Amino acid sequence: MKLILLGAPGAGKGTQSAKISEKWNIPAVSTGDMLRAAVKEGTEQGLSAKAYMDAGKLVPDEVVIGIIKEYLSSDKCKNGFILDGFPRSIPQAEALDAMGVKIDAVLSIEVEDEKIIERMSGRRICSSCGASYHVVYNPPKKADVCDACSSALYIRDDDAAETVIKRLNTYHEITEPLKGYYEKKGILVCAKGMEKVEDTTANVFEALEKVEA
Ligand code: AP5
């Protein structure tokens, strides 16, 4: 399966892509995670990306398209993949088409803005393996410690409330039109993401099983 995950910041793309990856045994890649890794390494690309990310804006298309092109040409993608957070603009979607990549489904996880703001304030991320938690909805067994690798959890810089509002505006203005783009191609499927993590997973699996059938 070659799958794109769409959804507002905090809709649960990362959470659900881990579940899909496990069930369908396909690799998941998040452009956000790749950019954060570049920021952490202090590369030139990372340093220039950080300013856009902290401002709640999209990193320029050419940077992200370059990263994805390289990733998709790797061997691990030959039996399928999940793209979490790419494409995020019409030019990025057109670039993906131009690479000759045939996508099976585009899954949009639907969550209202009010819920997003509440979720982002409680998100915690593992500083080592990147696992994502929520202090109320998906808490680690021990506060501020990753269940998987025992590293410390941190709060993402762009999860500050004022940045989340900017990211939501960017989503509605630039990314949400992709739903129409993929609906026209007949490959858009939607799953409700407002309820608990496991309920969203059930909605996501049901939508994807229909695609497979
Ligand atoms: P990125 O890291 O992709 O951020 P995002 O799309 O804003 O999405 P998030 O990672 O914030 O949220 P998510 O949907 O994965 O939700 P999660 O599962 O963590 O991108 C960051 C930045 O990088 C962008 O702003 C941009 O600057 C840049 N960038 C990235 N890709 C780019 C591109 N293609 N082009 C240009 N720029 C790009 O869940 C959120 C929280 O809610 C967690 O705490 C989780 O535990 C909890 N939760 C999840 N589901 C539920 C549920 N059902 N009920 C209760 N809680 C839940």
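No hydrogens, no waters, no symmetry mates; every other heavy atom, side chains included, goes into these values. Atoms within each ligand, like the ligands themselves, are counted from 1 in listed order. All figures in this text were calculated on a predicted structure; none of them were measured in a lab.
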With side-chain hydrogen bond (donor to acceptor under 3.5 Å, both in side chains) as the criterion, how do T200 and E198 come out once you've worked through the C-alpha distance, each side chain's angles and the decisive distance to 0.1 Å? CA-CA 5 Å; T200 301; E198 50 274 31; over 6 Å; no
Mind listing the closest non-hydrogen atom pair of Y71 and A28 along with its distance? OH-O, 4.2 Å
Without hydrogens or angle criteria, can the side chains of D97 and Y181 be said to hold a donor-acceptor pair below 3.5 Å? yes
For ligand 1, which atoms have a heavy atom of V197 less than 4.0 angstrom away? 50 (N), 51 (C), 52 (C), 53 (N), 54 (N), 57 (C)
Near R36, which atoms of ligand 1 are under 4.0 Å from a heavy atom of that residue? 2 (O), 21 (C)
Below 4.5 Å, heavy atoms only, C-beta onward: do L72 and V101 meet side chain to side chain? yes
Candidate with minimal heavy-atom separation from atom 22 (C) of ligand 1, of M53, R119, M34: M53
Within ligand 1, which atoms have a heavy atom of S132 less than 4.0 Å away? 19 (O), 43 (C)
When you look for heavy atoms under 4.0 Å from ligand 1, do you find them on the side chain of L35, its backbone, both, or neither? side chain
Cationic N near anionic O, under 4.0 Å, E176 to K179: yes
Does G122 offer a backbone N or O that forms a donor-acceptor pair with the side chain of Y133 under 3.5 Å? no
Please identify which atoms of ligand 1 are closer than 4.0 Å to at least one heavy atom of H134. 44 (O), 46 (O)
Which is closest to atom 20 (O) of ligand 1 in terms of heavy atoms, R167, E198, R88? R88
Note the single closest protein heavy atom to atom 15 (O) of ligand 1, along with its residue, its atom name and the distance in Å. G14 N, 2.8 Å
With a 4.5 Å cut-off on side-chain heavy atoms, are R123 and I155 touching? no
What atoms of ligand 1 come closer than 4.0 angstrom to any heavy atom of Y133? 43 (C), 44 (O), 46 (O)
Should K23 and E209 count as an ion pair when the cut-off is N to O under 4.0 Å? yes
Would you mind listing which atoms of ligand 1 come within a distance below 4.0 Å of any non-hydrogen atom of T15? 17 (P), 18 (O), 39 (O), 45 (C), 49 (C)
Report yes if some N/O of Y52 lies less than 3.5 Å from some N/O of ligand 1; otherwise report no. no
Tell me the protein heavy atom at minimum distance from atom 26 (C) of ligand 1, and give that distance in Å. K57 O, 3.6 Å
among protein heavy atoms, the one nearest atom 37 (N) of ligand 1 is V59 N, 3.0 Å
Check P60 against ligand 1 and report side chain, backbone, both or neither, counting heavy atoms closer than 4.0 Å. neither
Looking at ligand 1, does A8 have a heavy atom less than 4.0 Å from it? yes
I want to know whether W24 and F205 have ring centres closer than 6.0 Å. yes
May I ask you to check whether R123 has an N/O atom sitting below 3.5 Å from an N/O atom of ligand 1? yes
Passing candidate, side chain to side chain contact (heavy atoms under 4.5 Å, CB included) with F86, options L6, L5, I65, I67: I65
Between S21 (side chain) and I26 (backbone), is there a donor-acceptor pair under 3.5 Å? yes
Would you say M120 and ligand 1 have an N/O pair spaced under 3.5 Å apart? no
Per-atom contacts of ligand 1 with G193, taking only distances under 4.0 Å to non-hydrogen atoms: 53 (N)
Please check whether G12 reaches ligand 1 - meaning an N/O of the residue sits under 3.5 Å from an N/O of the ligand, judged on distance alone. yes
Proximal candidate to atom 21 (C) of ligand 1 [heavy atom criterion; set Q92, R156, E195]: R156
Using a 3.5 Å cut-off on N or O atoms only, is A11 in polar contact with ligand 1? yes
Go through ligand 1 atom by atom and flag the ones less than 4.0 Å from a non-hydrogen atom of T31. 30 (C), 31 (N), 32 (C), 34 (N)
T170 to K57 - nearest heavy-atom pair and separation: OG1-CA, 4.2 Å
Does R167 come within less than 4.0 Å of D159, counting only side-chain N to carboxylate O? yes
Measure the distance from atom 12 (O) of ligand 1 to every protein heavy atom, then report the residue, atom name and distance (to 0.1 Å) of the closest one. G10 N, 2.9 Å
Within the distance-only criterion (no hydrogens, no angle test), does the side chain of S127 pair as donor or acceptor with the backbone N or O of A152 below 3.5 angstrom? yes
Can an N or O of P87 be found at a distance shorter than 3.5 Å from an N or O of ligand 1? no
